[in-house]
Chemist: 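Handing you a structure now.
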There are 2 protein chains.
Amino acid sequence: MATEQRPPSRIERRERTQHRILAAARRQFAESGYDRTTIRSIATEAETDPGLIMRYFGSKEALFNEVATIASDEPLGETPEQVAESLLDSLAGKLATDSAGTLAMLRSMLTRPEAAEEVRAAISEQQRLAADALDGTDAGLRIGLIGAISLGTIIGRELLGLDGVAEAEPAELINVLRPAVHALTYGEPMPPPTAQPQDP
Amino acid sequence: MATEQRPPSRIERRERTQHRILAAARRQFAESGYDRTTIRSIATEAETDPGLIMRYFGSKEALFNEVATIASDEPLGETPEQVAESLLDSLAGKLATDSAGTLAMLRSMLTRPEAAEEVRAAISEQQRLAADALDGTDAGLRIGLIGAISLGTIIGRELLGLDGVAEAEPAELINVLRPAVHALTYGEPMPPPTAQPQDP
DNA sequence: CATTTCAGTCTACAACCGTTGACTGAAATA
DNA sequence: TATTTCAGTCAACGGTTGTAGACTGAAATG
C-alpha cells in the first residue's frame, strides 16, 4: 500500500522552498511589519538559509513587494446607492478573506513611504472610479472618507483588535456600517445642530 | 540698547537642551515612526549628543513614551445625538491641532505592540463612556466603528494624504461626516437592498 | 579660593542587520 | 561515465543600532 517515494526533483525542491519562503515572509510581514521582520527570521521559519532568500528574490525589498499586495477594486456602478453597495461589498471581501498580503501592506504602510504611496494610490483609484456617479463638488471628499472608513475598520479589526469590531460577524458589521456609507454617498452635509448662522 | 547678556545658568542650559531633545524626538517619531527614528538622528537635530539623551531619558523607549501620547476624551452626553456630536467634536479637535505626539503614536501603532495597545485602550475607554447612552446589543460595535472612522480619517488625512480628505477644511470634513456618524449612533442596521428574506 | 557637581563630549562595545561570495554535493545533461 | 548545473550551506563583510562609561571643563557651593 506504499506509494513509491521518488526523491523530489531539483525543480520540485526549488518550488517547495520558494513556497515556504513566501509563506513565512507573508506571515511575518503581516504580523510584525517590514522593519521588524528580518531575512534571518524568515529563513528560520522557512527552514532554509538567508543567503538562499537573497539568491531567489534579490533583496528584502523585492521579497516584500512579492507578498505585500493591495487589491484594487472593480467598477462601482452608476447610482450613489450602487456605489455604496459596491464599496461595502469591497470592504466585506477584505474582511472575509484573511489576506496576509494585504495585512502586510497595511502594517507597513505607516512606516514605509513606498507602501503608503501604494495604499494611497489604490484608494485614489477607487475615488476616480466612483466620483462620476456622485454629484457635488465634494464627491472626492465623500469617497475619500469612505476609503478612510474602510481603512479604519480593517485596521481596527485585524490589526488593533478593537472591542466589538474585532469579534463582530462580518455581515453584521457591514449591516451596521451600511447606513453610514449610504449617508456619505447621497446625503447632504449636515451643519452642527447648535450652529450659529454662517455666511451665505 | 543692548540688554545685558548673562551666560545661561546650568539649569537653564539643561532645560533648553531637554526641550530641544523632546521637540526633535516628537517631530521625528511623528514623521518616521519608532523603528526608523534613531537616537543619533534625534541628537543631531537637537544639536546634542546621543549619550546625553540616554542620561536624561534612560532609553529610546522611555523617550518615546515621553512624547507619544493619545488623548483620552471627555464625558460624552446622554442622548445618541449628543454622543455623535461629542465624538465629532473630539475628531475635529484632533484634526485641528497638529499634535505631533498623537501622530507619533499613530505612526508607530502598527509596528509597536505597546503603542497599539495604548490606542486600543483609548478607544475602548471611549466606548465604555458612550455605550450607556446607546441602546441595543450592538452599541459597542457602533461606537467601536466610530472610533475606527476617526482612526481612518486621521490616518488618511495626516499620514497618507488621501485625495480630497487631505486638502479639505476640517469644518467641511466634519460636516460631511456628520450624517454618517449620526447614522451609527441612532440608526438601525440596514440589510442589503437586494437581500433574500432571512430568519426572523 | 578650594571643592564639588554636573552638562556636555568622546570612544567603544556588543548585537544585529542585509548582503556577498566561496564552497559542497547531488541531480541533470552530454 | 564524465561533465555541467544548481539547490543548499557556511562564514564573513561593512554598516548601523542602542547603550555604557570614562573624561573635560565650567558653573555651583562652601
Chemist: Take the protein atom CZ of Phe64(A) and the nucleotide atom P of dG18(C), then report the distance between them rounded to whole Å.
Modeler: 14 Å
Chemist: Applying side chain to side chain donor-acceptor pair (under 3.5 Å), which residue pairs with at least one partner in residues 19-29 of chain A are found, sequence neighbours left out?
Modeler: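 Side chain to side chain donor-acceptor pair (under 3.5 Å) check on residues 19-29 of chain A returns Arg27(A)-Glu31(A), Arg27(A)-Glu45(A), Gln28(A)-Ser41(A), Gln28(A)-Glu45(A).
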Chemist: Would you mind reading off the distance between Tyr56(B) atom OH and dA20(D) atom C1', rounded to a whole angstrom?
Modeler: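 Interatomic distance, OH of Tyr56(B) to C1' of dA20(D): 17 Å.
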Chemist: Rounded to whole Å, how long is the line connecting atom CZ of Arg16(A) with atom P of dC6(D)?
Modeler: 20 Å
Chemist: Quick check for you: among dT19(C), dC10(D), dG8(D), whose closest atom lies nearest to any side-chain atom of Asp49(A)?
Modeler: dC10(D)
Chemist: Taking the six-membered ring of Phe64(A), is NZ or CZ of Arg112(A) closer than 6.0 Å to its centre and within 45° of its axis?
Modeler: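 Yes, a cation-pi geometry holds between Arg112(A) and Phe64(A).
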Chemist: Do any side-chain nitrogens or oxygens of Thr17(A) fall under 4.0 Å of OP1 or OP2 in dG8(D)?
Modeler: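 Affirmative; the distance criterion is met.
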Chemist: Compare all side-chain heavy atoms of Tyr186(B) with those of Leu134(B) and state whether any distance is below 4.5 angstrom.
Modeler: no
Chemist: Starting the side chain at C-beta, find the nucleotide from dA28(D), dA7(C), dG18(C) nearest to Leu52(B).
Modeler: dA7(C)
Chemist: Write down the distance between CD (Glu15(A)) and P (dC6(D)), rounded to a whole number of angstrom.
Modeler: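 Taking atom P of dC6(D) as the reference, CD of Glu15(A) is at 15 Å.
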Chemist: Within 45° of the six-membered ring axis of Phe29(B) and under 6.0 Å from that ring's centre, is NZ or CZ of Lys60(B) located there?
Modeler: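 Negative - Lys60(B) is either too far from the ring of Phe29(B) or too far off its axis.
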Chemist: Rounded to the nearest Å, what distance is computed from the CG atom of residue Asp35(B) to the P atom of nucleotide dG18(C)?
Modeler: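 In whole Å, dG18(C) P and Asp35(B) CG are 12 Å from each other.
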Chemist: Between dA28(C), dA28(D), dG18(C), which nucleotide has the shortest distance from any of its atoms to the side chain of Ser9(A)?
Modeler: dA28(C)
Chemist: Mind calculating the distance between CE (Met54(B)) and P (dT19(D)) to the nearest angstrom?
Modeler: 4 Å
Chemist: Using the side chain to side chain contact (heavy atoms under 4.5 Å, CB included) criterion, which residues pair with Ala183(B)? Sequence neighbours excluded.
Modeler: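 Partners of Ala183(B) by the side chain to side chain contact (heavy atoms under 4.5 Å, CB included) criterion, ordered by chain and then number, come out as Pro179(A).
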Chemist: Rounded to whole angstrom units, what separation is found between the CZ atom of Arg14(A) and the C1' atom of dA28(C)?
Modeler: 15 Å
Chemist: Look at Arg10(A) and dA7(D) and indicate whether a side-chain polar atom (N or O) is within less than 4.0 Å of OP1 or OP2.
Modeler: no
Chemist: Check every atom of dG18(D), dA7(D), dT9(D) against the side chain of Ile39(B) and return the nucleotide holding the closest atom.
Modeler: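 Nucleotide nearest to Ile39(B)'s side chain: dG18(D).
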Chemist: Answer yes or no: side-chain N or O of Arg40(B) and base N or O of dG18(D) forming a donor-acceptor pair under 3.5 Å.
Modeler: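 Result: at least one qualifying N/O pair found.
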Chemist: Assign each of Lys60(B) and Arg55(B) to its nearest nucleotide of DNA chain D by heavy atoms, then name whichever residue's nucleotide is nearer the 5' end.
Modeler: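 Closest to the 5' end, via its nearest nucleotide, is Lys60(B).
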Chemist: For dA27(D), take OP1 and OP2 only and decide whether either is under 4.0 Å from a side-chain N or O of Arg13(B).
Modeler: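 Looking at the OP1 and OP2 atoms of dA27(D), neither is under 4.0 Å from any side-chain N or O of Arg13(B).
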Chemist: Which is true for Ser41(A) with a 4.0 Å heavy-atom rule: it touches a base, it touches only sugar-phosphate, or it touches nothing?
Modeler: nothing
Chemist: Let me know the distance between CZ of Arg20(A) and P of dA7(D), rounded to the nearest Å.
Modeler: 14 Å
Chemist: Considering only side-chain heavy atoms of Ser59(B), which listed nucleotide, dT19(D), dA7(C), dT19(C), is closest?
Modeler: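 The answer is dT19(D).
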